[in-house]
Protein chains: 2
Amino acid sequence: MLSVELSCKSEYALLALIELAAHYDTGEPLQIRQIAAQQNIPDRYLEQLLATLRRGGIIRSQRGAKGGYTLAREPWKINILDVIICLDGLENQPKDQDNDTQNDKTVEGAVILEIWQEAHHAANEILQKYTLQDLRDRRDSRQQLDFMYYI
Amino acid sequence: MLSVELSCKSEYALLALIELAAHYDTGEPLQIRQIAAQQNIPDRYLEQLLATLRRGGIIRSQRGAKGGYTLAREPWKINILDVIICLDGLENQPKDQDNDTQNDKTVEGAVILEIWQEAHHAANEILQKYTLQDLRDRRDSRQQLDFMYYI
DNA sequence: GTATACCCCGGTTTTCCACTGGGGTTTAGT
DNA sequence: ACTAAACCCCAGTGGAAAACCGGGGTATAC
């Protein structure tokens, strides 16, 4: 219910977004197939994730032949927390029904929840300070390094 | 695989530990039944969690009639991260086999993992700075407040 | 010696995640 | 217009992990 986990979903989405960020300069859309092949992601699954990202305003889509996906804004204006919230959080609604039965509003439960929210907040601050541009840059310099070692 | 989540398991364990911390002064052990009834936890499940906490050195057990559980050390010497690591982490071994097949060591995956570990670390620092004593104190002052509002 | 309470270990149920499939609809190119 | 390429929507399926239950054993106070 209140988690900061690196799931397949998050990882796949970020991998795809790194690709989109890398091709952002060209202005051309990228197709699901290309991304999926590049990053070894099941394409039908990736399709769902991209649909979610689109509804969340992270990416834009172009339908029809020669269509595909592009980032909705510049890579340095999309941070990782945006992505995570879009994927997991969009339908974590208030859900404050069931107030007739004391669902679990014990004092102890509230105290624990409080601390968890604090931890959760600390993690979110980290995720918020990194953008897709940062991911792309890190990827590039890392690959540069690998090449240096190779020769 | 790398998560900071408030699961049932964690919450149950912490609720039980708050009870044990509250009764720590008496020196008397608390029985599973009492804790389970107090905090509305399925007792057979709580038994498993307490067994794990015992193996992790968080609590001690006394067998036989008039037995039960007590904290293994003072409430202010047990922080929340200790508890979480004991519950989830004890058997998250290295598991660095499968280096013949490149399991998923892509450059992009490594970059993402790096950032996630940083976020994870930030959350752990929060969990580490709160002890069972803190939980107990917060519970008590919260209950005091509720009473003030009631009259 | 007996009741009490922990101990161990295996099974069941439930829930959720990763993944798949079958249709549709929009659009570029001819 | 026609067709093919691509996204769109929604409804499943399989498997694994989490939550939970039960049976029989063992230590200990009285």
Side-chain angles (χ1 to χ4, degrees), chain A residues 1-16 20 23 28-37 39-56 58-72 84 87-92 95 104, chain B residues 1-16 20 27-37 39-56 58-72 84 87-92 95 104:
Chain A
M1 74 176 282
L2 183 65
S3 67
V4 183
E5 60 165 340
L6 182 51
S7 56
C8 251
K9 192 156 76 171
S10 311
E11 188 169 359
Y12 286 165
L14 287 173
L15 289 173
L20 290 177
H23 287 244
E28 295 293 311
L30 264 181
Q31 285 102 38
I32 292 179
R33 296 284 178 81
Q34 300 179 23
I35 303 174
Q39 294 292 343
N40 242 39
I41 304 173
D43 48 359
R44 299 303 253 115
Y45 188 45
L46 180 59
E47 188 178 2
Q48 293 178 0
L49 303 181
L50 293 180
T52 304
L53 292 174
R54 184 183 57 79
R55 291 190 204 99
I58 308 280
I59 61 180
R60 276 191 233 286
S61 67
Q62 172 122 8
R63 302 182 65 168
K66 294 285 172 68
Y69 294 92
T70 51
L71 293 183
I84 301 309
L87 286 175
D88 301 325
L90 271 190
E91 54 277 349
N92 289 19
K95 67 161 70 167
D104 62 337
Chain B
M1 73 175 283
L2 184 64
S3 68
V4 182
E5 60 166 340
L6 182 52
S7 57
C8 250
K9 194 157 73 170
S10 311
E11 187 169 359
Y12 286 164
L14 286 173
L15 289 173
L20 289 178
E28 294 294 311
L30 265 180
Q31 287 101 40
I32 291 179
R33 295 283 176 81
Q34 300 179 24
I35 303 174
Q39 294 292 342
N40 240 40
I41 303 174
D43 48 359
R44 297 306 250 119
Y45 188 44
L46 180 59
E47 188 178 2
Q48 293 179 359
L49 303 182
L50 293 181
T52 304
L53 292 175
R54 182 182 59 79
R55 291 189 204 100
I58 307 281
I59 61 180
R60 275 192 234 284
S61 68
Q62 172 123 8
R63 302 182 66 167
K66 294 287 174 67
Y69 294 92
T70 51
L71 293 183
I84 300 308
L87 287 175
D88 301 326
L90 271 193
E91 55 279 349
N92 289 17
K95 68 161 70 166
D104 62 336

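Naming: A, B, ... by sequence-line order, numbering from 1 per chain.
Atom CG of A/L53 and atom P of D/dC9 are 14 Å apart (whole Å). Regarding A/R60, its CZ atom lies at a distance of 16 Å from the C1' atom of D/dC7, rounded to whole Å. Atoms CD1 (B/I32) and P (C/dC7) sit 7 Å apart, rounded to a whole Å. With rounding to whole Å, A/Y69 atom OH is found 17 Å from D/dA5 atom P. Distance CG (B/L30) to C1' (C/dA5): 13 Å, rounded to an integer number of Å. To the nearest angstrom, C1' of D/dA19 lies 15 Å from CG of B/N40. Rounded to whole Å, atom P of D/dA17 lies 18 Å from atom CG of B/L87. Here the P atom of nucleotide D/dC7 and the CZ atom of A/R33 are 8 Å apart, to the nearest Å.
Residues A/V4 and A/I84 fail the side-chain proximity criterion, which asks for heavy atoms closer than 4.5 Å.
Residue pairs meeting the salt bridge (Lys or Arg N to Asp or Glu O under 4.0 Å) criterion with at least one partner in residues 42-54 of chain B, sequence neighbours excluded, are B/R33-B/D43, B/R44-B/E47.
Checking D/dC8, D/dA5, D/dA29 against every side-chain atom of A/A65, the shortest atom distance belongs to D/dA5.
Along DNA chain C, the nucleotide nearest B/Q34 and the nucleotide nearest B/R54 are compared for position; the residue whose nucleotide lies closer to the 5' end is B/Q34.
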Step-by-step side chain to side chain contact (heavy atoms under 4.5 Å, CB included) determination, A/K9 to A/Y45: CA-CA 9 Å; A/K9 192 156 76 171; A/Y45 188 45; 4.0 Å; yes
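The shortest distance between the side-chain N/O atoms of B/K66 and the OP1/OP2 oxygens of D/dC30 is below 4.0 Å. Applying the 4.0 Å criterion to OP1 and OP2 of C/dA5, one finds that B/S61 has every side-chain N and O outside that range. OP1 or OP2 of C/dA28 has at least one side-chain nitrogen or oxygen of A/Q62 nearer than 4.0 Å.
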Protein within reach of the bases, or only the backbone? For nucleotides 10-24 of chain C, mark each nucleotide 5' to 3' as B, S or -, using heavy atoms under 4.0 Å. B-------BBBBB-B
